[in-house]
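What follows is a short report on a single structure.
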2 protein chains.
Amino acid sequence: MARERKFSTDELFQATKQLLLLQGYEGFTFSLLADDLNVSRGALYKYFDNKEELITDYMLYEMDRFLIELKQIESHRSFEAQFDYLLSLILSNTDIQKLINIGKQIQVGSNQKVKENKHKLEKLHIDMYHYLQNFITLGKEEQRLKSHIPDSLFLGYIFQSVAIPNHFGISPSVWVSSIKEIIRHGMFTNT
Amino acid sequence: MARERKFSTDELFQATKQLLLLQGYEGFTFSLLADDLNVSRGALYKYFDNKEELITDYMLYEMDRFLIELKQIESHRSFEAQFDYLLSLILSNTDIQKLINIGKQIQVGSNQKVKENKHKLEKLHIDMYHYLQNFITLGKEEQRLKSHIPDSLFLGYIFQSVAIPNHFGISPSVWVSSIKEIIRHGMFTNT
DNA sequence: ATTAAAAGTAACAGAAGTGTTACTTTTGGG
DNA sequence: CCCAAAAGTAACACTTCTGTTACTTTTAAT
């Protein structure tokens with residue numbers, strides 16, 4: 001009964017992601033997105049009332065996808081295996097932190113849908129910390145993680161590590177193994 | 001011969017910094033800045049042709065200030081002392097990385113002044129790496145830094161460390177000493 | 001007191017984003 | 001075949017930011 005859509009939800013979210021990373025929250029506009037999708041700006045308003053609603057919808061989609069992968073950390077029994085899994089997961093989702101930061105800039109207006117989305121996002125954020133907290137706790141139980149360091153610092157540290165710009169084009173294998181080495185035992189020699 | 005200015009260069013740059021951190025590059029406008037300074041928008045155009053020129057001017061000012069402090073790293077002889085100095089310097093300039101990232105978003109238009117400023121900024125950036133490279137080299141010479149880890153990763157790591165959000169309000173002293181501990185010897189126990 | 005330089009303002013026109021409305025196009029079930 | 005639902009468009013009114021111009025205000029040197 002209906003006409004065929006010119007773009008899929010997936011294409012829309014991919015374009016949204018690309019624009020957000022490139023232009024930032026304030027620089028993101030419906031015009032740019034519409035151009036990317038070869039569609040008129042008005043068409044987008046058929047699906048989203050405004051920028052906030054679109055972006056929070058996208059964030060939920062992205063966060064859902066990430067959490068499904070993160071959840072699998074529990075399928076690894078030892079701390080060491082979970083560590084490896086977490087690191088490679090984060091390294092293949094480098095954009096997530098940037099997007100989370102952009103998400104913080106979203107102002108909740110009067111729009112009800114946006115408020116709901118923000119609440120759902122907070123819930124997912126807590127879910128994320130839940131999985132990671134278990135990971136940290138396991139590490140301390142197995143006495144692999146230093147007991148006197150605050151949990152939140154461990155997590156922050158691991159997340160930040162992957163955001164280091166590889167500006168001089170070090171080969172990925174050297175880069176990743178170096179990062180793991182530093183996270184495990186630091187950059188100082190044992191003297 | 002001239003009327004007294006309603007704002008000093010310092011006030012202007014402070015307001016610019018605050019707005020940039022709060023609103024980001026795209027969200028920054030002359031209107032917001034003028035309001036902050038209790039001055040008309042037009043007045044700002046007496047000093048800067050456009051947003052790019054103002055922001056690059058500000059970046060130069062900020063970078064200059066930072067480099068003067070960084071330069072003093074050379075007054076410390078041992079690697080260990082330089083490490084302590086660098087860490088506390090970076091920890092008291094947490095905004096610098098955010099600002100550097102915002103700086104990357106600046107599009108060079110046709111404006112000649114902006115082109116010059118971007119060149120000067122690149123030069124200062126190289127100067128910064130020069131000082132830090134000496135620091136790394138010293139660390140490797142003193143055999144305090146692991147020799148098989150790429151230099152650029154050491155630097156990226158130290159800079160990223162201070163960007164970790166202290167979301168759960170760990171006390172500054174515990175926070176700082178924990179960060180230093182992790183940078184030095186990692187988060188794993190020695191087993 | 002005059003005056004010229006520097007500082008500041010108010011207002012205009014143009015560009016770009018937003019949200020809405022009235023319209024056209026496509027499509028498959030009856 | 002037709003027609004209603006969903007998709008899409010073009011255009012309008014509104015807002016905000018930009019850069020400029022013509023103007024007023026302050027100030028200190030003469």
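These numbers come from the heavy atoms of this one structure, side chains and all, not from hydrogens, waters or symmetry mates. Just so we're on the same page: letters track the sequence lines, and every chain starts at 1.
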*Is the gap between the ring centers of A:Phe154 and A:Phe135 under 6.0 Å?*
no
*asked:* Walk me through whether B:Phe48 and B:Phe30 qualify under ring-ring contact (aromatic ring centres under 6.0 Å, His included).
replied: CA-CA 10 Å; B:Phe48 307 95; B:Phe30 271 40; 7.4 Å; no
Test item: side-chain donor near acceptor, [X] and [Y], under 3.5 Å:
X	Y	answer
A:Asn101	A:Lys98	no
B:Glu53	B:Asn111	yes
B:Glu52	B:Tyr25	yes
B:Gln14	B:Tyr58	no

Atom [atom1] of [X] to atom [atom2] of [N]: distance rounded to whole Å?
X	N	atom1	atom2	value
A:Lys6	D:dA6	NZ	C1'	15 Å
A:Leu37	D:dT9	CG	C1'	15 Å
B:Leu44	C:dG8	CG	P	9 Å
B:Asp35	C:dT9	CG	P	11 Å

*At under 4.0 Å between heavy atoms, which parts of nucleotides 14-30 of chain D does protein reach? Answer with one letter per nucleotide, 5' to 3': B base, S sugar-phosphate only, - none.*
---SBBB----BBBS--
*Hey, is the side chain of A:Tyr47 poking within less than 4.0 Å of OP1 or OP2 on D:dA7, counting only N and O atoms?*
yes
